[in-house]
Amino acid sequence: MEVKKRSTPILPWMRSPVDVNQFEACALNLVPCLDPRLTVLIIDFFQVRLEVALDKMGFSSLFPVQVAVWQETIGPGAFERDLCINSPTGSGKTLAYALPIVQKLSTRSVKCLRALVVLPTRDLALQEGLRCRFLVRLVQVKEVFAAIAPAVGLSVGLAVGQSSIADEISELIKRPKLEAGICYDPEDVTCELQSSVDILVATPGRLMDHINSTKGFTLEHLCYLVVDETDRLLREAYQSWLPTVLQLTQSNEESLFPLANSFLSSTFGSLKTIRRCGVERGFKGKPHPRLVKMVLSATLTQDPSKLAQLNLHHPLLMTTGKRRYQLPEKLESYKLICESNLRPLYLVALLQELGEEKCIVFTSSTESTHRLCTLLNLFGDLGIKIKEYSGLQRQSRRSKTLKSFREGKVQVLVSSDAMTRGMDVQGVRNVINYDIPAYIKTYIHRAGRTARAGQAGRCFTLLHKYEVKRFKKMLQKADNESVPHYSVPSSSIESLRAAYNSALGKLKETVESEASRKRKFGSKFSKLSRTKPTDRDDQVDWSNSEGCSRIWIILSLDCALDQLALRFFGFGSF
Ligand SMILES: Nc1ncnc2c1ncn2[C@@H]1O[C@H](COP(=O)(O)OP(=O)(O)OP(=O)(O)O)[C@@H](O)[C@H]1O
């Protein structure tokens with residue numbers, strides 16, 4: 001009997017997308033209308049100004065998705081429609097939106113906040129793993145803007161809660177110079193506050209903090225809103241940031257009546273913002289003032305109710321190929337079948353085969369990341385530097401590890417899903433799924449840490465024979481019908497057995513001593529929990545009793561798991 005496929009409802013505009021595959025990379029000197037200041041290095045010795053643009057970033061051409069978006073923004077499309085961009089990991093989505101925005105703003109005369117890029121994050125310490133992956137992504141996005149924006153006189157800011165809110169405010173808002181000895185009216189001072197940035201990359205939590213409490217912070221002049229990692233961002237409300245931003249940027253009546261507008265501006269100052277007007281299909285020739293939106297992901301949601309929240313204007317879907325999920329073109333996927341209890345052994349044999357190539361090993365939880373990394377380091381000298389990268393570690397430690405990995409001082413990172421989205425580390429040749437990912441989206445984002453920017457890469461998944469069917473079905477969703485089998489020579493496995501058994505013995509001791517340390521730390525922690533919070537977005541809210549009790553639960557759970565692993569040393573946790 002033929003099984004009927006369940007069809008997911010899809011929005012009408014999604015049925016006729018622009019296929020990014022139709023576009024070819026384009027040399028920078030052939031990109032139409034590209035501001036020359038963005039392609040050359042400007043050095044101004046007198047003002048000690050060094051501006052780094054695309055050339056200096058090592059970019060000589062635009063990638064297909066960047067060309068496609070350029071066409072719809074600076075090219076004939078002229079930003080007439082909101083864009084939904086679904087393009088594989090590592091295909092260059094960041095520059096695809098950064099470049100047209102910077103080009104468009106390059107002619108602005110007054111500095112004010114005109115472009116906002118929002119990326120997801122979590123505010124609770126329990127979800128630190130998720131926070132850290134997005135924090136890295138946020139910084140990367142800011143760096144892309146910061147590499148091109150100064151060349152045309154624009155400045156970029158970051159609002160993520162890494163520094164104190166006071167420091168962030170001083171970076172984002174310019175205060176008027178006040179002369180000593182003069183008494184100023186606070187209202188006058190507030191009126192004089194100005195934005196120090198044209199473009200802001202922000203997390204929803206910190207954005208809301210600035211909207212609610214930072215004097216001089218306004219979205220009144222916002223022209224461009226980018227929602228990166230859209231599917232993740234729309235999954236949660238994040239303090240209702242989206243309805244708030246949409247409401248604050250709604251075109252008000254006066255922008256439809258230029259005379260009223262000029263009256264207001266002459267009364268209240270020289271700066272006025274008239275939202276873009278476009279005469280478009282479906283608007284019966286009426287101007288439609290609006291904020292331009294660009295939403296992006298490698299796994300863009302097709303859920304109508306989620307997309308409706310964005311209030312998109314005549315949206316245009318830009319996607320790669322026919323399938324919703326696409327893997328990078330030069331990614332090779334392999335499966336490696338082994339018994340569950342021998343997985344560490346197979347992993348070590350595989351790592352030895354891969355030699356010094358940069359590699360990320362993904363596990364399904366922070367706990368198994370920790371144990372696996374500890375075990376690998378107890379194997380004796382493998383000749384490979386292996387480090388843990390997990391949400392249970394301090395931010396400073398993670399940053400240090402990531403730096404060493406980028407510099408090639410560490411070859412293997414063992415990570416939970418803390419690194420799956422957005423992380424861009426050059427030269428990662430291999431990704432290994434030590435635990436099979438639960439969803440195709442997770443597979444895509446994990447595998448997407450390699451084979452970036454048109455480079456080749458491999459993704460290995462360790463599987464028990466009973467998992468093969470599920471794995472195959474999952475990869476079919478990304479049009480990956482056959483995943484070749486990768487075999488490790490049995491001689492390699494045999495030669496590692498003795499080292500494995502000894503490593504397991506040492507792991508038992510390590511786990512025991514860690515468990516007792518954690519118990520001690522736990523009692524200290526209860527005293528600590530009464531200390532005062534410093535910054536909401538940055539740290540755990542210690543005053544929040546729910547936050548504290550949740551941390552307690554995770555610590556006790558971790559101790560319990562340690563106990564369990566010791567008792568049943570069949571390594572269920574691996
Ligand atoms: N035109 C270009 N020429 C050369 N390299 C580029 C170009 N555009 C982007 N890159 C590089 O490609 C890599 C991937 O870019 P980016 O992080 O923007 O991809 P992405 O599509 O956002 O990936 P993900 O979905 O995983 O976040 C980066 O290292 C970036 O520096």
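For the single chain, residues carry numbers from 1 onward in sequence order. For ligands, and for the atoms within them, numbers begin at 1 and follow the listed sequence. Note that these values count all heavy atoms, side chains included, but never hydrogens, waters or copies made by symmetry.
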Item checked: Sub-4.0 Å heavy-atom contact, Pro88 with ligand 1 -> yes

Checklist line | Mode of Asp424 contact toward ligand 1 - side chain, backbone, both, neither (heavy atoms, under 4.0 Å) | finding: side chain

Notebook entry, point to check: Do any nitrogen or oxygen atoms of Gln66 come within less than 3.5 Å of a nitrogen or oxygen of ligand 1?
Noted result: yes

Item checked: Element-labelled atoms of ligand 1 that are located less than 4.0 Å from some non-hydrogen atom of Arg137 -> 17 (O), 22 (O), 27 (O)

Margin query: Could you check whether Lys441 makes a cation-pi contact with Tyr325, meaning its NZ or CZ is under 6.0 Å from the centre of the six-membered ring and within 45° of the ring axis?
Written below: no

Next item on the list: For this output row, return yes or no: ring centroids of Phe362 and Tyr434 closer than 6.0 angstrom.
Entry: no

Next item on the list: Please could you name the atoms of ligand 1 that Thr94 approaches to less than 4.0 Å, counting only its heavy atoms?
Entry: 16 (P), 17 (O), 18 (O), 22 (O)

Margin query: For Asp35 and Gln103, which I'm curious about, is there any donor-acceptor pair between the side chains at under 3.5 Å?
Written below: no

Next item on the list: Quick one: look at Arg449 and ligand 1, take heavy-atom pairs under 4.0 Å, and tell me if it's side chain, backbone, both or neither.
Entry: side chain

Margin query: Under 6.0 Å between ring centres: does that hold for Phe23 and Phe63?
Written below: no

Notebook entry, point to check: For ligand 1, is there an atom lying under 4.0 Å from some heavy atom of Gly448?
Noted result: no

Checklist line | Modelled atom types, side-chain donor and acceptor of Ser399 and Ser396, under 3.5 Å | finding: no

Item checked: Phe145 and its side-chain contact (heavy atoms from CB on, under 4.5 Å) partner, picked from Val156, Asp198, Val197 -> Val156

Next item on the list: From atom 2 (C) of ligand 1, work out which of Gly92, Ser61, Ala453 has a heavy atom at the shortest distance.
Entry: Ser61

Checklist line | Nearest neighbour of atom 26 (O) of ligand 1 from the list Met423, Lys93, Arg452, on a heavy-atom basis | finding: Arg452

Checklist line | Heavy-atom nearest neighbour of atom 23 (O) of ligand 1 within options Cys26, Gly90, Gly58 | finding: Gly90

Check: Is it true that Asp435 and Arg343 make a salt bridge, defined as a side-chain N closer than 4.0 Å to a carboxylate O?
Finding: yes

